[in-house]
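None of the values given here were measured: they were computed from a predicted structure. Each ligand, and each atom within it, is numbered from 1 in the order the structure gives. Values below: all heavy atoms of this structure, side chains included; hydrogens, waters and symmetry mates excluded.
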Amino acid sequence: MEIERFAIHDGPGIRTMVFLQGCPLRCTWCSNPESQEIRTHLLYLSNHCVGCGRCYQACPNGAISFDGHPVFDRKKCLFCAACAEACPHHAIKMAGKFVAISDILNVVQRDKDYYDNSGGGVTFSGGEAFVQFDGLMELLSGCKKAGIHTAIETCGQVAPDKIKQAFPLVDLFLFDIKHTDKDILKKTTGADLDLVLDNLRFIAANNPEKVIIRVPVIPGFNNDLQEIENIFNLALRLNVKRVDLLPYHVLGKTKYEQLGRNYSFPYDSMLPKEALIPLKEMGEKMGLEVYL
Ligand code: SF4
Ligand code: SF4
């Protein structure tokens, strides 16, 4: 779990982002690989490292060897954070921690005045926030009791009964639609399009105003007029008025390196916002509100 206060891109107004770990998908371009599993991760920022060896000396489990710089045996790592605390240059960070629901709600409630003055609230993100369903429901209930607007970013790969239970407590679903071809979606992300669409249809049928469809526009995957038109048509059929297009970025690539993992997605340059303008214009001509 991580918290980011004063966010302005994921729902209306000033918001607190609550990132819950765990994700059922494995999108090949994932920009938050440290959120995929529910556990702590060790990030090594090699560009901060001066090779002093203090982390190696601090490790209680022999998970670090030293060759002018630390080499991590992540299978041996206990995630005790001793190396991160010993590093004078902040070259080691621990990502993801277990936090009590009451502590999260305390942080979230601190900024209630900002939410009220800006039309903001709290956005639960991930990973996929529904993976930690029981905790999510407690958080949503706590926010509602405190009169706080709630949004959830979801990939839609969620058991339908969970969406139904959460529905009354959620003011806005930021619902990812990545592709309309079942096989391409399955192969590239692991998602089941039928399940994703069933969930989207349920929400939109009950209140289309509660949905913004979000499309990560990914080169070589869905970055073409025909596929984006398919998604726009889906929005229109479900009476969803707004679609956000999110250009592919490569910020996640560095995280893979920091986690000691390979980034296998073949595109390693950002998609400029301007490249999405023809897609935005197409959506607007079709009668949608389209935001970049
Ligand atoms: S987190 Fe603890 S066990 Fe893991 S490498 Fe650092 S000091 Fe060693
Ligand atoms: S303690 Fe920090 S700066 Fe020193 S070797 Fe370890 S990671 Fe590098």
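- Residue-ligand proximity, P60 to ligand 1, at heavy-atom distances under 4.0 Å covers atoms 7 (S).
- The ring of H179 has its center closer than 6.0 angstrom to the ring center of F221.
- Residue V50 approaches ligand 2 through these ligand atoms, each under 4.0 Å from one of its heavy atoms: 3 (S), 8 (Fe).
- When all heavy atoms of K255 and L43 are compared, the pair lying nearest together is O-CD2, 4.4 Å.
- For N262, the CG atom sits in a loose shell: 12 or fewer heavy atoms of surrounding residues, nucleotides or ligands are nearer than 6.0 Å.
- In this model, no donor atom of one side chain and acceptor atom of the other lie less than 3.5 Å apart for S264 and Y256.
- Ring geometry for F72 against Y44 counts as tilted: the plane angle lies between 30° and 60°, on a 0 to 90° scale.
- For Y267 and Y248, the gap between ring centers reaches or exceeds 6.0 Å.
- When all heavy atoms of G11 and L172 are compared, the pair lying nearest together is CA-CD2, 4.3 Å.
- Crowding of K93 atom NZ: a count of heavy atoms from other residues, nucleotides or ligands under 6.0 Å not exceeding 12.
- Contact annotation for A81 and ligand 1: only backbone heavy atoms (N, CA, C, O) come within less than 4.0 Å of the ligand.
- In terms of protein heavy-atom proximity, atom 8 (Fe) of ligand 1 is closest to C59 SG, 2.4 Å.
- In terms of protein heavy atoms, atom 3 (S) of ligand 1 is closest to L78 N, 3.2 Å.
- Remark: K285 fails to qualify as a cation-pi partner of F232 under the 6.0 Å distance and 45° angle criteria applied to the six-membered ring.
- If you check which protein heavy atom lies closest to atom 4 (Fe) of ligand 1, you get C77 SG, 2.4 Å.
- Under a 3.5 Å cut-off, the side chain of T123 and the backbone N or O of E153 do not form any donor-acceptor pair.
- Listed by number with element, the atoms of ligand 1 under 4.0 Å from a non-hydrogen atom of F79 are 1 (S), 4 (Fe).
- Listed by chain and number, C55 SG are the protein N/O/S atoms closer than 2.8 Å to atom 6 (Fe) of ligand 2, with waters left out.
- Contact annotation: C80 places no N, O or S atom under 2.8 Å from atom 4 (Fe) of ligand 1.
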